[in-house]
Amino acid sequence: MPDLSIKPIAAVPGTEAPRPEGLLVLLVAVVVVAALYLAKAVLIPITLAILLSFVLGPVVGLLRRLRLPKVVAVFFAVLIALAVIVLIGGLIGTQLANLAGDLPQYQATILHKFEAVRDFATDRLRIVMSHFAHLPAGNGHGASQAPAAAPGSDARPPLAVAVQQPSPSAFSLAESILTPILGPIETIGIVIVFAVFFLLQQEDLRDRLIRLFGSQDLHRTTLAIDDAAKRLSRYFLTQTGINAGFGVVIGIGLAVIGVPSPMLWGVLAMLLRFVPYIGSLISALMPVALAAAVDPHWGLAVSTLVLFLFAEGITGQVVEPMLYGRSTGLSPVAVLVVAIFWGWLWGPIGLILSTPLTLCLVVVARHVKRLEFFDVLLGDRPALTPIETFYQRLLAHDPDEVQEQAEQLLQSRSLSAYYDGVALKALSLAANDILRGALTPHQVERLRGDLKTLVDELDSWDDVDPPDRLSAQAAAVSGVERPERLVANEPAPALDVGGTEGDDHAAEPRPRPIALCVSGRGPLDDIGSAMLAQLLSKHGFDVRTVDHDTTSRANIAALEVTGIAVLCVSYLEILGHPPNLRYLLRRLRHRLPQVPLLVGLWPAEDDFLANDEMRRMMGADGYASSLREMVIQAVEIVRRHELERRVEVESRPSVSEAARK
């Protein structure tokens, strides 16, 4: 039984007081948000121009490859973009004008359906309320009627008053007409001018950014800028193509169904789908309402809604994952949060720009250490490493998630690789917390129980590498060939336990070699020993496991040592010069002088294994810093012993030769 009464060597440190650096960061964040809100009239056109330059960058590159000068290529690319913008604006204006002229025809249908819905809701409400109170008969309008005038009263009808507005002047009339038009035209003009500037000065602007932010690390800064540019260009081009296809499908579908102005709703569906998650829903509201106004029944509205749901389902669940991979690089929750944030700052334009702006920020944060928290908060990469996730799930007492993670990782690695790369490193974190007193004895016992359950559940997994990883494995450790079970997916055992040629008992299989696994004195050393025993049993050994108390000075004389082929000592945490390990090895060597002795340190300090004097003082036959290496050494020791035994048997004269002599 491991010693759980280890006194903490250091108390858990108290909570630190807030530092001035944190307050400074908070102040900078408030200033940046305020600047974004107050300067949105200037920043929105510039941001749109930057994003437009990312979209047109590949087009300019294509034209440059056609031997066009840079100025001409930029001019043609911007001219194409301007033509598309004017075409979309003209199409929307024409369709809206036609729809406005037809709306009076749908007024009667709209009123009829509104009254039907109102009457239905009123009847249902009256039925529900009748269960709680007795409602009086009548239509309920008597209370709202005004009392009749008394006979003979001097009541006079009120005088009608008409307010006439003065006729608007030509200047005010022109202003009311041109103001809504000149605003978007002005914004488009600023965006086009800045986009031309950014495309012409692309290399110069990149050099200035490198000089300003990363001249000391040109490689990292250049990689960050190129990564952001490629991601944004690919995202915008792909998203524009997907949304255009979505708009075409919606337009054609609405035309087939019979909804008026299908081109208008197709264009709006394409534009609104740039708004993450809710854009398609918003684009479906108006055509569904129009379909309800056109058709006296509800069939057209239902068909329109089904069309949007089907198109969005295919686009979002099939097309986008095929083109993007699994994700754009942002977590789904982050997309919603930043959409609300940018929508609050910049309105509808902020909704459209939220995803590309956040994607750019996350890409830069992956290369800039001080901005790494943006990647953690907004990116889609796992926030914790597999080791940290393993230990966190153990602390949360969630063994099912620990086992689920293990089974997922075992799809791409062997059992020993999982133990070495994840489980033992997580056990090291737990051992450190136990030593500093961060875990209570109850938590330690619960953690030990979960770990034992995990090891038992993973016993059905064989210790083999998946086929696609075999070619990447090293062929030897310290010049020793690996056993077959570690390098090939074969059901045959790693050790040959059959008979030998020339042996009188060749027909009878020999018993499997016995390995004795001894755990250290730490509270989690027996878990590492259990993992080692499980792996050894999968490679041809019969395994016995004993705890540290069994090998104490008082109990080691009673230790059963019959038939043991190799001794394996497992220690999870070694600090400094461990006298307990040295004396343990001395007792084991005295008790089993002829048995090979291996020591596994999980994980071992590099300077400890590299210290020849320390290794000589310990007196073991081999040292390993991983379970896989320990298994390899144990198998090789037994094979070497079997080879020596076979040579000795073959060198002895047979019975017939002895009779002849």
Side-chain angles (χ1 to χ4, degrees), residues 415-416 419-420 424 455 463 476-487 492-498 500 509-520 525-548 550-551 556 558-572 574 581-602 604 609 615-616 618-649:
L415 183 60
S416 58
Y419 281 155
D420 289 330
L424 287 182
V455 175
D463 185 27
V477 173
S478 303
V480 177
E481 183 182 359
R482 287 187 175 182
E484 287 84 350
R485 291 292 291 280
L486 287 176
V487 297
L495 294 175
D496 182 13
V497 294
T500 321
R510 292 191 306 275
R512 289 156 56 101
I514 300 175
L516 179 63
C517 293
V518 181
S519 59
D525 284 341
D526 59 331
I527 305 299
S529 182
M531 295 177 183
L532 176 61
Q534 185 182 80
L535 294 175
L536 288 172
S537 65
K538 294 179 180 298
H539 291 276
F541 287 89
D542 283 336
V543 184
R544 302 176 190 170
T545 58
V546 295
D547 56 19
H548 188 269
T550 307
T551 57
I556 194 170
L559 179 65
E560 176 63 34
V561 298
T562 304
I564 295 178
V566 62
L567 270 170
C568 298
V569 179
S570 172
Y571 259 78
L572 183 63
I574 296 294
L581 175 60
R582 186 168 67 251
Y583 291 126
L584 172 63
L585 297 182
R586 184 180 299 178
R587 293 194 299 270
L588 291 174
R589 179 66 75 187
H590 182 267
R591 185 74 175 86
L592 297 95
Q594 303 299 326
V595 178
L597 181 57
L598 303 177
V599 177
L601 309 176
W602 338 115
L609 288 181
R615 293 164 64 101
R616 181 182 55 80
M618 292 297 177
D621 296 301
Y623 299 89
S625 59
S626 67
L627 293 172
R628 170 171 286 213
E629 186 178 356
M630 177 75 98
V631 173
I632 292 173
Q633 293 187 19
V635 170
E636 193 61 30
I637 285 175
V638 174
R639 281 182 170 176
R640 190 182 305 118
H641 181 268
E642 289 295 324
L643 181 60
E644 293 174 355
R645 195 185 71 84
R646 290 181 182 182
V647 171
E648 181 181 356
V649 170

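Sequential numbering from 1 along the given sequence is applied to the chain's residues. FYI, side chains are in, hydrogens and waters are out, and symmetry mates aren't considered; it's all heavy atoms of this structure.
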Taking C-beta and beyond as the side chain, do [X] and [Y] meet within less than 4.5 Å on heavy atoms?
{"X": "Val569", "Y": "Leu598", "result": "no"}
{"X": "Leu592", "Y": "Leu597", "result": "no"}
{"X": "Leu516", "Y": "Val546", "result": "yes"}

Closest approach of [X] and [Y], non-hydrogen atoms and distance?
{"X": "Leu415", "Y": "Lys538", "result": "CD2-CE, 3.7 Å"}
{"X": "Asp621", "Y": "Arg589", "result": "OD2-NH2, 3.1 Å"}
{"X": "Val543", "Y": "Ala533", "result": "CG1-CB, 3.3 Å"}
{"X": "Met531", "Y": "Tyr419", "result": "SD-CD2, 3.7 Å"}
{"X": "Arg587", "Y": "Thr551", "result": "NE-O, 2.8 Å"}
{"X": "Val455", "Y": "Gln534", "result": "O-NE2, 2.7 Å"}

| With a 3.5 Å cut-off and no angle check, do the side chains of Tyr623 and Gln633 form a donor-acceptor pair? |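 Short answer, no.
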| query | Do Asp525 and His548 have side-chain N/O donor and acceptor atoms under 3.5 Å apart? | reply |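 On atom types as modelled, these side chains do not qualify, holding no pair under 3.5 Å.
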| Under 4.0 Å between a Lys/Arg side-chain N and an Asp/Glu carboxylate O for Asp420 and Arg628? |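 Salt bridge: no.
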| request: Check side chain to side chain donor-acceptor pair (under 3.5 Å) between Thr550 and all other residues, then give those that pass, not counting sequence neighbours. | output: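 Listed in chain order: Asp547.
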| message | Checking Gln594 now: which residues fulfil side chain to side chain donor-acceptor pair (under 3.5 Å) with it, not counting sequence neighbours? | response |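 Testing Gln594 for side chain to side chain donor-acceptor pair (under 3.5 Å), a comparison that skips the adjacent residues, returns none.
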Just verifying a value: how many Å separate [X] [atom1] and [Y] [atom2], rounded to the nearest 0.5 Å?
{"X": "Leu601", "Y": "Met630", "atom1": "CG", "atom2": "CE", "answer": "8.0 Å"}
{"X": "Leu567", "Y": "Ile637", "atom1": "CG", "atom2": "CD1", "answer": "10.0 Å"}
{"X": "Thr545", "Y": "Asp526", "atom1": "OG1", "atom2": "CG", "answer": "9.0 Å"}
{"X": "Thr562", "Y": "Arg544", "atom1": "OG1", "atom2": "CZ", "answer": "6.5 Å"}
{"X": "Leu588", "Y": "Cys568", "atom1": "CG", "atom2": "SG", "answer": "11.0 Å"}
{"X": "Asp542", "Y": "Leu536", "atom1": "CG", "atom2": "CG", "answer": "11.0 Å"}

| request: Would you sort out whether Arg639 and Leu643 count as a side chain to side chain contact (heavy atoms under 4.5 Å, CB included), showing the intermediate values? | output: CA-CA 6 Å; Arg639 281 182 170 176; Leu643 181 60; over 6 Å; no
| task | Could you check Val638, Ile564, Val566 and say which one makes a side-chain contact (heavy atoms from CB on, under 4.5 Å) with Pro513? | result |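 For Pro513, the side-chain contact (heavy atoms from CB on, under 4.5 Å) test succeeds with only one of Val638, Ile564, Val566, which is Val638.
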| task | Check step by step if side chain to side chain contact (heavy atoms under 4.5 Å, CB included) holds for Val631 and Phe541. | result | CA-CA 10 Å; Val631 173; Phe541 287 89; 5.8 Å; no
